[in-house]
Every structure is written in structure tokens, then in C-alpha cells.
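Source: prediction; values computed, not measured. In what follows, chains carry the letters A, B, and so on, assigned in the order in which the sequence lines appear, proteins first and then strands, with residues in each chain numbered from 1.
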Amino acid sequence: MQCAMPWQYKHRTETMTMQPKALTIKELMTSPQQYIDQEVALSGWVRTARVSKNFGFIELNDGSMFKNLQLVFEDQLTNFADIAKVSIGTSLQVRGVFVKSLGANQPYEVKATGIDIVGMATPDNPIQKKRHTFEFLRTIPHLRLRTNTYMAVFRVRSLLAQAIHEFFQKQNFVYVHTPIITGIDAEGAGEMFHVSTIGAENYPRKPDGSLDESQELLGRQTYLTVSGQLAVEAFCMGFRNVYTFGPTFRAENSNTARHANEFWMIEPEIAFADLQDNMNLAEAMMKHLISYVLENAPDEMAFFNSFIDKGLLERLQGVLNAKFQTMTYTEAIDILQKSGEQFEYPTEWGQNLQTEHERYLAEKTFNGPVFVTDYPKSIKAFYMRMNDDQKTVRAMDLLVPGVGEIIGGSQREERFDLLVERMKEEGLPVEQYQWYLDIRKFGTFPHAGYGLGFERALMYMTGMKNIRDVIPYPRTPNNAMC
RNA sequence: UCCCGAGUAGCUCAAUCGGCAGAGCGGGUGGCUGUUAACCACUAGGUUGUAGGUUCAAGUCCUACCUCGGGAGCCA
């Protein structure tokens, strides 16, 4: 049963005797039989309008679903002349009869018996009845959400977040809110934003002239987190299977279609588990995310398939049905060397895989998601578990066509002495990591985890090519609008 | 940060060899009895990213800067 939202209640009681039931377009379209030929009340925003002398059409979107509902209005309406002039974006309250449509492009429509203009949009609305470039729409993040593409993107974004929680919660994972403000100075994940309550001018100094960070509100220099992994590892030690899902900040001056300075990351950590368990989890998760989105956003996904990326649905369906491929870094280098392909960068053991190499593996060799494992220790983080060969670590990256690296993870080094040794090799301040070393001291255990780039997953699901177009208000170099 | 490319009407783009600043959409006005990015007519709309330079003459050539886009690095 439909219930009025609290904020609608006052309005409804005032007119209760005369007013038909207030519904959303989604409610109408979900059970049309229930409402057909009945009078209904709607509210929403004008997407487009086509007007003749004595009648007109308005496509109304009320945010409840991707599709619009067509309103038909005729000159019997006392305010016909005003309604005939509605501009894109104008908000309306509508009463009318829900009927089968005479037109070909929509099954149902509403024959309006009354339309009230709630808020007229002025004619200089930058969103027009025409195709806009994503570049232009990025300059108006507060308005672009009212276009088809972004409507679809941000609803799928919401659903994808839900799908992630559902996947982990159903398996009894505990969701841990790791801190956004952190005291860990770099763990190899990148440049950090400094958090300070003190202005740069007159920053207090110690007698020796160096900055006196103890004067900070938090008593020390702090940063925005670049990863919740180290903090969540401690919770893994007690809760067994855990995950973080929250905003992450990297201060790199990256200018690419797949990097942002603020993005969201999912980081599961599983106890008594090795790299294979880790990869199994990642594969099951990716498949769950895909099937959840396909099931819960069919309109949006059909839109992406038609207008953004023609092969999208076929590709995602293929991923659901295929076992993810796995190969070691050493095997990957071998394939690349024997490929006969002319790469710009050399394919030499010990060198990092370049984007062109990753794309070749994911797009040409396998044409689907592929795990690359066991990288040379020199190109991976200090906390990854050393293999017996003493040269490689138990790392894994998941590469997907179109996006590239979407997941990076590893089995963690659980052996105290080896971990300390690696930290010293990397020149890390071991004294700052005592709490992290405690995890290896007070009951160590094999464990593994990974980081999934939420926006990269969203790009993969939707076929969108630029990370700026899957974040509501993207933060990238030179851009922090709204 | 590096390498390319692009900045012209609100938006998307034209403008030939350096020679009068153009169109479609959107806006405004009028017309049209079932439209689907509706259609038809008329109309307004410009410091050509910024600052210099070359030239009789610069949207067009040169220099610097800014911004955006593509690629690369860093990574998720």
C-alpha cells in the first residue's frame, strides 16, 4: 500500500476529499492494471514538451524511475496557455487519468485534468532539448543529473553500493568504518592531503625552527586516508571477515579518465585465507554486482547498451558465465614477449606492467577479466606476503577490458620478522607502525584482502568512459565544483 | 607532471590562400487537432579563451599563459 510521505501529509489532508491518490511513476508502471483508467495525482519535472494550438504533450520525470511518463493536456485546462509554455525543468503537480497511450513510443500516458506549475524553470536553463557533450555537462554537476545518462549512472551507482553491502552482509562480513582522517604517513598508496586546523601563516614552530605539529587539534599531523586496509586488518583479527566501504583521497596530480582525487573504495579482508580464497571472493563479488545491477536496473542498463556502449550487456552476461582467468606475472611477461606485438614500453621481468600491456592481456589475450598474480616484490607494497622464491609476492590484480586495473590485492605478510624486514627495506618508519605489527604479534594468522575501485566497477558496469561522469561531484585536478 | 589536440552565439559546430562573423539546436513571437530530439515561418543573440606580436588587413600566422579533451606516469 502506498503511504504518503510525512512531508506530503499536510498537503494531502487539506485536499483529501477531492484529491486522487498521490503516486509515483514507478508505482504506476509497476502495476498498471491496478491504476488503469483511474484518476491519479503525480508530481515531477518537465523533461520535454511538444505543444500544438489546442493540445500538447509533456514528458514528466519524477525521479522514481528512469523512464518518463507522457502527459497529454488539452485546451479545456483553464491554465492551458501557461502550461503550453512550460520550459524544461519546470516542476509540476498533476492530476489526470492513467490510460493506455495512443502513441507508439509508450504503453501508457496520463490525460491531464489539472496541472499546477509549482516552479517554472527560467528559459536560460543550460539543459536543453538536445544532445550535450559530457564535457559541457561536467561544468554543471548540479543540473546534469536531470539528463538521461546521468539519471541512469547515479541510480546504478546507488544500486551498486547496495549490491556491495548485500554481497558481504549475506556472508556475515562485518562492515568497519575505518577513519577518514588518519595519522598514518603514507603506506605507499600515494600522495596525501594534509588535514590541519592551523593556517599556513604563523604555523607554530619548535625552538629548532621546525613545524610544531603537536599544536594541531588532534595533537599531530594528520591526513585524509588513502586506504582503510591497515586499519581494517586489525578488525579482521577479531571479526574474521570484514570490509570497508568509504571515501578515499589521493593527492596525485593525475589527469586521466580513470583517476580522481576523491573516490570510493571497497576493501574486504578475510581471515585464515590465502590468495586463492581472495581471488575466489573477488570473482564471486564481481559476478554478484553484475547480476544485481542487471536485475535491478534493466531500463538503465538497456539505455547504456543502446547509447553508451553497444556491446555492454553481451559482455557482462559473458562475464557472469565465464570462469575468470588466472596467470602469474611471470607468465604474463612471457605471453607479452611472445605476442609479436610492438609495445611502446619493454616487457622485461621486473618492470611494472604498463597500461598497454594490461589492455593487451585483458582485451586481446583473454577478452575478459583476468587475474595476474605473484608480482616482483620491488613493484608491490611492503605488506604483501613473500613467496618462497624470495623474489615475488602473493599479489593479485584484476584486469578488465576497457577499464584496466579494477582490483588490487594480496595475501598479507603475517610473519612478524619478515614484515619488519620488508618495512626496513622500504625505508618506512617502523616505530609508527607498532600497532600494525601488533596484529602479527598477538595471534597472527594468514589473511588476505583487496581494494575494489567503486567508480571503476561502476564504469565497467555502465560502459561510461570517464570517471568524472560516474561521480556526482567529481574532485579532479583543477576541479572541485559545488 | 610529460606528449599531442582543441578553445568562434546559451549548446553543438562551420568559416577555402590572411580579405564582409555563419548554420542547426536552444530562446522570443506567430502558426499547426496525437506528438516522440514534433513540425512550419519570422526574430534577437558575437570583445572568436587571455595577453602580446607580425600585417594595409588576423577567427585564421608567431610567442607566452589559461582551460578543456585524448594519451602516458602514479593507482583503485
task: Check step by step if salt bridge (Lys or Arg N to Asp or Glu O under 4.0 Å) holds for A/Glu455 and A/Arg157.
output: CA-CA 8 Å; A/Glu455 284 79 9; A/Arg157 185 178 171 112; 3.0 Å; yes
message: Test salt bridge (Lys or Arg N to Asp or Glu O under 4.0 Å) on A/Glu425 and A/Arg422; report intermediate values, then the result.
response: CA-CA 5 Å; A/Glu425 270 178 39; A/Arg422 281 286 288 135; 3.3 Å; yes
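When side chains are defined from C-beta on, A/His165 counts as touching A/Phe245, because their heavy atoms get closer than 4.5 Å.
In the interface, the side chain of A/Gln128 is paired with the base of B/G10 through a donor and an acceptor atom under 3.5 Å apart. Not a single donor-acceptor contact under 3.5 angstrom links the side-chain atoms of A/Glu135 to the base of B/G70. Within 3.5 Å, no donor on the side chain of A/Asn105 pairs with an acceptor on the base of B/U35, nor the reverse.
Using a 4.0 Å heavy-atom cutoff across all strands shown, A/Ala260 reaches at least one base atom of the nucleic acid.
Between the C1' atom of B/A76 and the CZ atom of A/Phe371 lies a distance of 15 Å, rounded to the nearest Å. Atom CD in A/Gln106 sits about 13 Å away from atom C1' in B/A38, given to the nearest Å. If you measure from atom CD of A/Gln354 to atom C1' of B/G73, you get 8 Å, rounded to the nearest angstrom. Rounded to whole Å, atom C1' of B/A76 lies 13 Å from atom OH of A/Tyr450. With rounding to whole Å, A/Asn61 atom CG is found 16 Å from B/U36 atom C1'. Remark: P of B/U33 and NZ of A/Lys111 are 15 Å apart, rounded to the nearest angstrom. Nucleotide B/A76 holds its P atom 13 Å from the CD1 atom of A/Ile266, rounded to whole Å.
Annotation: proximity of residues 324-332 of chain A to RNA chain B (heavy atom, distance under 4.0 Å) is found for no residue.
In summary, of the residues considered (A/Thr225, A/Asn261, A/Thr222), a side chain to side chain contact (heavy atoms under 4.5 Å, CB included) with A/Phe193 occurs for A/Asn261 alone.
A salt bridge does not link A/Asp274 to A/Arg385: none of the charged nitrogens lies less than 4.0 Å from a carboxylate oxygen.
On the C1' atoms, B/C13 is 13 Å away from B/A6, given to the nearest whole Å.
Heavy atoms only, all atoms of each residue included: A/Arg146 and A/Trp45 are closest at NH1-CD1, 3.5 Å.
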